[in-house]
Colleague: 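Got a structure for you, questions after.
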Amino acid sequence: AKKQGRNLVKPFVPSMQDEMTKRIRVEADLRSAIKKAEIVPYYQPLVDLKTNKIIGFEALARWKTASGEFIPPNEFIPVAEEAGLIVDLTDQLLRRACTDALSWPNELVLSFNLSPIQLSDRLLGLRILKILGDVGLPTHRVELEVTESAIIQDAVTARIVLDDLVNAGVRIALDDFGTGYSSLSQLSNYRFDKIKIDRSFVSSFETNDKQDKVIKAIIALGAGLGVTITAEGIEEESQLQRLQDLGCHIGQGYLLGRPAPLEELTADKAGAKVS
Ligand code: C2E
Ligand code: CA
Ligand code: CA
Ligand code: CA
């Protein structure tokens, strides 16, 4: 048994060291990337499924390294959170995204993601409003995407932050709806402007009859609460068709437009245009 234990432990130790070395390196690189503003927002269109018009864009962070390689947000956002870099990174990205949004047609909305841990920062709302004010982007053109887990972590502070923002005219979207553990209680506790149905529902709902019913029910729930419903991850024409039939308000996905840098925000496959 002793021998076996050794065999199990041995390969585990170096891999942990590798992990740590990698982490330290990524953290240092990230710090420098923020300093050099190498992390930039890409924009994915949000499309009105009735009129086929773009109503705004979601900003999605992209880290373009010196070697031209792109690191996706799921890899560096958690590092930024743990390393205490998320505040600086968010301020920088938001400032940049708001400035970009000023160059869009007036009615288009900027949707911006907040990390769960940020909602336990009492001053977040005021800092965001300060940035909007500095840049000169009206609050009604900004929507912030938060997840359920973000609100549950520190409900009291989250409420203070969201109230600051909502009172100033910023809209709040509940992101990744259906994947958390307390969706319905959050819906009755806070007034969201929008619910974003998670991609996992959209990608499987044609092959899964129950999933179809779930989407239908969420759309009905939205209608009852007066909340706009967005479906994420639309990749197929048939998914788009079905969501339109079900009366889903807004769509987002590769079919309607992939995330792209500011310079490339023009037309897309589904024919939706920046009007
Ligand atoms: P999310 O907020 O749920 O964003 C949607 C993700 O789905 C994006 O991944 C987007 O590129 C991807 N996506 C969009 N349409 C499709 C589709 O049709 N098919 C598929 N397979 N994927 C699609 P991305 O850009 O890699 O971002 C991943 C996550 O990272 C985001 O998930 C969000 O939670 C987080 N994130 C991105 N940017 C930021 C940021 O600036 N701040 C914070 N705190 N989080 C961010
Ligand atoms: Ca989002
Ligand atoms: Ca989402
Ligand atoms: Ca997500």
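Treat the numbers as computed from the prediction; the structure is a model and nothing was measured. The analysis underlying the following values was restricted to heavy atoms, covering all of them including side chains, and did not include hydrogens, waters or symmetry mates. In listed order, ligands and their atoms are each counted from 1.
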Colleague: Under a 4.0 Å N-O cut-off, is there an ion pair linking K196 with D176?
Modeller: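 Salt bridge between K196 and D176, a charged N being under 4.0 Å from a carboxylate O: no.
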Colleague: Would you indicate which of I39, T90, N113 comes nearest to atom 33 (C) of ligand 1 when only heavy atoms are counted?
Modeller: N113
Colleague: Could you list the atoms of ligand 1 found under 4.0 angstrom from a heavy atom of E232?
Modeller: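 Listed by number with element, the hits are 3 (O).
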Colleague: Below 3.5 Å, N or O to N or O, backbone or side chain included: is there any such pair between D175 and ligand 1?
Modeller: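 Yes - when backbone and side-chain N and O of D175 are compared with those of ligand 1, one distance drops under 3.5 Å.
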Colleague: Of all the N, O or S atoms in E232, which has the shortest distance to the Ca ion (ligand 3)?
Modeller: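 Minimum-distance N/O/S atom of E232 relative to the Ca ion (ligand 3) is OE2.
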Colleague: Does even one non-hydrogen atom of R258 get within less than 4.0 Å of ligand 1?
Modeller: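 False for this residue.
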Colleague: If you look at every heavy atom in V26 and W63, which pair is closest and at what distance?
Modeller: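 Looks like O-CH2, 4.2 Å.
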Colleague: Run the numbers for me: atoms of ligand 1, each under 4.0 Å from some heavy atom of G233, listed by number.
Modeller: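 Those of ligand 1 that fall under 4.0 Å from G233 are 16 (C), 17 (C), 18 (O).
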Colleague: Under 3.0 Å from the Ca ion (ligand 2), is there any N, O or S atom belonging to N113?
Modeller: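 Checking N113: at least one N, O or S atom is under 3.0 Å.
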Colleague: Taking only heavy atoms of D176 into account, list the atoms of ligand 1 that are under 4.0 Å away from them.
Modeller: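 Listed by number with element, the hits are 3 (O).
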Colleague: Are any of the side-chain nitrogens in E82 or R23 under 4.0 Å away from the carboxylate oxygens of its partner?
Modeller: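 Result for this pair is yes, salt bridge flagged.
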Colleague: Do the charged groups of D91 and R95 touch, with an N to O distance under 4.0 Å?
Modeller: no
Colleague: If you measure from CG on L114 to OG1 on T147, what distance do you get to the nearest 0.5 Å?
Modeller: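 These two atoms lie 9.0 Å from each other.
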Colleague: Would you check whether E235 has a nitrogen or oxygen atom less than 3.5 angstrom from a nitrogen or oxygen atom of ligand 1?
Modeller: yes
Colleague: Under 4.0 Å from a heavy atom of L114: give me the atoms of ligand 1 that qualify, with their elements.
Modeller: 44 (N)
Colleague: Give the contacting part of Q252 toward ligand 1: side chain, backbone, both or neither, where contact means a heavy-atom distance below 4.0 Å.
Modeller: neither
Colleague: So, does K196 sit close enough to ligand 1 that a heavy atom of it is under 4.0 Å from the ligand?
Modeller: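 Heavy atoms of K196 never come under 4.0 Å of ligand 1.
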Colleague: So, for L124 and Q118, which heavy atoms are closest and what is the spacing to 0.1 Å?
Modeller: CD2-O, 3.6 Å
Colleague: Taking the minimum heavy-atom distance to atom 43 (C) of ligand 1, which of I77, V146, L94 ranks first?
Modeller: I77
Colleague: Salt-bridged, D18 to K22, with N to O below 4.0 Å?
Modeller: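 Looking at K22 together with D18, the answer is no, because their closest N to O distance does not fall below 4.0 Å.
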Colleague: By side-chain contact (heavy atoms from CB on, under 4.5 Å), which residues pair with N74, not counting sequence neighbours?
Modeller: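 By the side-chain contact (heavy atoms from CB on, under 4.5 Å) rule, N74 matches no residue at all.
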Colleague: Is there a polar contact between ligand 1 and R199, counting only N or O atoms under 3.5 Å apart?
Modeller: yes
Colleague: Considering just N/O/S atoms, say which atom of E58 is closest to the Ca ion (ligand 2).
Modeller: OE2
Colleague: Applying the 4.5 Å side-chain criterion to the ILVMFWY set and letting contacts propagate, would L162 and V227 be lumped into a single cluster?
Modeller: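 They do share one cluster, since a chain of ILVMFWY contacts under 4.5 Å joins L162 to V227.
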Colleague: With atoms numbered from 1 as shown, which atoms in ligand 1 lie under 4.0 angstrom from a non-hydrogen atom of L93?
Modeller: 41 (O)
Colleague: So is there a nitrogen or oxygen of A61 less than 3.5 Å from a nitrogen or oxygen in ligand 1?
Modeller: yes
Colleague: With respect to the Ca ion (ligand 3), please indicate if E145 possesses an N, O or S atom at a distance under 3.0 Å.
Modeller: no
Colleague: How long is the straight-line distance from CG of L132 back to CG of L137, given to the nearest 0.5 Å?
Modeller: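 Separation between the atoms: 6.0 Å.
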Colleague: Among the N/O/S atoms of D176, select the one at the shortest distance from the Ca ion (ligand 3) and name it.
Modeller: OD1
Colleague: So is R62 actually on top of Y42's ring, under 6.0 Å and inside 45° of the axis?
Modeller: yes
Colleague: Going by side chain to side chain contact (heavy atoms under 4.5 Å, CB included), L256 matches just one of L46, I234, I54. Which one?
Modeller: I234
Colleague: What N/O/S atom of D175 is the closest to the Ca ion (ligand 3)?
Modeller: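 Going through the N, O and S atoms of D175 one by one, OD1 ends up nearest to the Ca ion (ligand 3).
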Colleague: Could you report the tightest heavy-atom contact between V202 and Q239, atom names first, then the distance?
Modeller: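 Between these two residues, the closest heavy atoms are O-NE2, 3.5 Å.
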Colleague: Taking only heavy atoms of N74 into account, list the atoms of ligand 1 that are under 4.0 Å away from them.
Modeller: 28 (C), 29 (C), 30 (O)
Colleague: Which ligand 1 atoms are under 4.0 Å away from a heavy-atom of L60?
Modeller: 4 (O), 8 (C), 10 (C), 11 (O), 25 (O), 37 (C), 38 (N)
Colleague: Could you tell me which atoms of ligand 1, counted from 1 in the order shown, lie closer than 4.0 angstrom to a heavy atom of P259?
Modeller: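 Within the 4.0 Å cut-off of P259, ligand 1 contributes 11 (O).
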Colleague: Listed by chain and number, what are the side-chain hydrogen bond (donor to acceptor under 3.5 Å, both in side chains) partners of S111, not counting sequence neighbours?
Modeller: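 Applying side-chain hydrogen bond (donor to acceptor under 3.5 Å, both in side chains) to S111 gives E143, E145.
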